[in-house]
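This report concerns only the one structure given below.
All chains are named by letter (A, B, ...) in the order of the sequence lines, taking the proteins before the strands, and each is independently numbered beginning at 1. Hydrogens, waters and symmetry mates are skipped; everything else that's a heavy atom, side chains included, is used.
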Number of protein chains: 2
Amino acid sequence: MATKGTTGIIGGNALRNRDHNQKVVLDYVRANEPAGRAEIARSCGLSIQAVSNITADLEQQKLLMPDGHRTEGKRGKPALQYRFNPEGAFAIGVELRPDAVVTTALNLSGKKIYNARVPLDDARPTPAIKAVGDEVRKAIEASGFDPKSLLGVGVVMPGPFGDTAISRAGDAVLPDWEEVEPQSAFEQEIGYPVLIENDATAAAVSERVAGVASDLDDFCFVYFGSGIGLGVVTKGHVLRGAFGNAGEIGHIVTQIDGHQCPCGNRGCLETYASRIAARNYLQPFGIDPQSGADFADLVDQRNPHFLAWIDQAAKHLSPVIGTLENLFDPQSIILGGAMPDAVIDALIARLDLPKGSVANRDERACPRVMRGFSGRLTAALGAGAMVIHQTITPNKHSY
Amino acid sequence: MATKGTTGIIGGNALRNRDHNQKVVLDYVRANEPAGRAEIARSCGLSIQAVSNITADLEQQKLLMPDGHRTEGKRGKPALQYRFNPEGAFAIGVELRPDAVVTTALNLSGKKIYNARVPLDDARPTPAIKAVGDEVRKAIEASGFDPKSLLGVGVVMPGPFGDTAISRAGDAVLPDWEEVEPQSAFEQEIGYPVLIENDATAAAVSERVAGVASDLDDFCFVYFGSGIGLGVVTKGHVLRGAFGNAGEIGHIVTQIDGHQCPCGNRGCLETYASRIAARNYLQPFGIDPQSGADFADLVDQRNPHFLAWIDQAAKHLSPVIGTLENLFDPQSIILGGAMPDAVIDALIARLDLPKGSVANRDERACPRVMRGFSGRLTAALGAGAMVIHQTITPNKHSY
DNA sequence: TTTATTTACTCAATTAACTTGAGTTAAGTA
DNA sequence: TACTTAACTCAAGTTAATTGAGTAAATAAA
């Protein structure tokens, strides 16, 4: 028989249905805790009895916990309120960079409970995977959690994912990883489920699990790494595209016949508004910021050259944000990543958002652009958040 | 109790699960017909017995039909092949324009079985809804189908959907519709389930139901109407955004300080590459194409002014297509809509797609850009296809 | 030609998980 | 104090899946 195409969508049965319903309940409680069972039942389209069984299950799994009776002054028997049990499970997030391994642990509420950073001498697969494994084992030990309650390990690493003109032009690629299938390689080393994700998507999920997007289902995250990336969440789900390369915002052309970009285009956003672009811009003036703190200092000192760069970056970023608004129609766009808050804030302040945008409307629940709940650990925290997100979020839109 | 947010994701039970599984089976058969039950079971993650029950159900509903035994020269008992039953059900698609109502009927395979176009004198709600109702009733009558097998009616109409700067600047708005909730208004008039959609999204779905995208799960459709729109399908699902306005491609700025656009921006794509843009461009040369046929004639005659416009449109469209590729990472991008095939083909031939794109890779299953299975009826056919799509496509990604 | 194997399927029994309906408990209200 | 409302619990009933045993129809091997 010829191989026929499959969409990956499969049928349901009682067990898979229970799995789905558990996630539906968890996702509701996540966004609305504390919540009673009757309330959950109404919101999730289930009977009270079903919700009772499910919460009992989740309580046994230590994912939910009861938290007293509340009534808010209403009639009737006060509902037993359920909450996430932050101590019930945890996740580990790793950022693998060419020069370092950053490791974090998060409790079920997405709160950071551990972080560490070690330099990496050799980023080729064998030593790097070993180093990540060692760091994960240290994190499990240091977390103080029962290792059995580890939900999984998320790993953020630079591409290449697939063979495209852009991934070949990547600036922070790991050496000799072309032939390695990272997920299974890490799972073999670590012995827990592993998720691989790019930095921007992980950061976006992080904002939803425990950041400014906790009650947003549609948003974009513009990630300032060494380049510039985009993570998109629509209807609570990550957008990955057909080949996992969705969100390549860095090579949108913002200036016809602009700067030459290694990708082959001219005038890519990344050549104007990214960490690398900033360093290239400042170099002629003898300024060479290395760390995030250096960039923050430049803002604090109101360095005129850096402020000029911010103006330039904002000029190129503004129409791209308009494009994102018009294409994805998100509730908001979040800026963050490996840049200090002060830089992101300055950039946001300089944005000149286009008037011709579907986001330009009178009643808005949140601003068109927000700064993320970021910090230097964004990528590693996001990696851990991916794991939590996966255990919590149902993969169905609606019946 | 304060109103708590709901994602619209609800839990499952046996009945909803059956519904989902029916769609999973239908979607598999759609993409792989003819197919035997054992094959369906393997691909859909269900037991043979379950698939047997489901196909029996679907056969009774006249959505599937058996089509002989095939074995393709393999061992074992030949499987009874199932196919869509094109005569088992039908859908009606309507395009409501300020000046006309276009009505189509499609069988379950998405094939056009009826179409009609009547002028519309008065596009205000009351007369327009009445006119649509009359046309739908005519279509039911003329289709020759049992009215009970009508799955629903899709209606494509210009906005406004929500109150944004762009929808206010729309060029083809219907008068006095601000206060009307179109879906329930049409349902009341027609007595069947009604779906409202925009032209570009409907066209995209049409390509998936019975066009060049029938085996694509991730693609974009660039729709040339009076303006220019975008429909996006990811993982087989329509992307709508938080407020239903996703895909507003027309107001992406392609030229800094370019043409003034009614939306408030300068240099919007729509001011260069749209039907209106073409007419504005040609007017100074005394050329005034009215119909699609007029545009086709201009291509046939190799009219130098029109060819120059196509060059201009292609120049502005090319980077936007690169942007779509980088943001959505689709399998392909389809061009179509209310422009004759000859114009679309000429435009595609002139495109200069950016090298710096995740779509620029060596092994591709289909071209980066294709022409849609279009024709003048695209919008109305797409409206009907929405209905078929909805009855066929499961709304779950995967378990 | 006969036998074995493979594959597709049917029938009957079992099972998981949700719903329904009949109480029970605990609060506010008249 | 009695009534109402709301949140539950318990037991029975329902749906639609799975599982296991058996049958039918084809090719492949002996």
C/dC11 base / B/Q49 side chain donor-acceptor hit below 3.5 Å: yes
Distance test, side-chain N/O of A/N21 to OP1/OP2 of C/dC18, below 4.0 Å: yes
Among C/dT10, C/dA17, D/dA16, the one nearest B/L15 by side-chain distance: D/dA16
Residue B/S52, side-chain atoms from C-beta onward, closest of C/dT10, D/dA24, D/dA17: C/dT10
Whole-Å gap separating P (D/dT15) and CG (B/D19): 15 Å
Integer-rounded Å distance: C/dC18 P and A/H20 NE2: 10 Å
Nucleotide nearest A/N13 (side chain, heavy atoms from C-beta), chosen from C/dT29, D/dA17, C/dC9: D/dA17
Heavy-atom closest contact (A/G241 atom, A/A246 atom, distance): N-CB, 3.7 Å
Sugar-phosphate, base or nothing in reach of A/A38, heavy atoms under 4.0 Å: sugar-phosphate
Among D/dC8, C/dG28, C/dC18, the nucleotide that comes nearest once only the side chain of A/R75 is considered: C/dG28
B/H20 side-chain N/O to A/I10 backbone N/O, donor-acceptor pair under 3.5 Å: yes
Cationic N near anionic O, under 4.0 Å, A/D27 to A/R208: yes
Residue A/Q188 excluded, over 12 heavy atoms near CD under 6.0 Å: no
Distance, rounded to the nearest Å, where A/R18 contributes CZ and C/dA16 contributes P: 11 Å
Distance, rounded to the nearest Å, where B/I48 contributes CD1 and D/dA24 contributes C1': 14 Å
Whole-Å distance separating the CZ atom of A/R37 from the C1' atom of C/dT24: 14 Å
d(CG, B/N17; C1', D/dT18) in whole Å: 13 Å
B/Q183 side chain vs B/I196 backbone, donor-acceptor pair below 3.5 Å: no
Given C/dT20, D/dA16, D/dC8, the nucleotide with the shortest approach to the side chain of A/S47: C/dT20
Distance, rounded to the nearest Å, where B/Q81 contributes CD and D/dA26 contributes C1': 14 Å
Side-chain N,O (A/R16) to OP1/OP2 (C/dA16) below 4.0 Å: no
Distance, rounded to the nearest Å, where B/K77 contributes NZ and C/dT6 contributes P: 18 Å
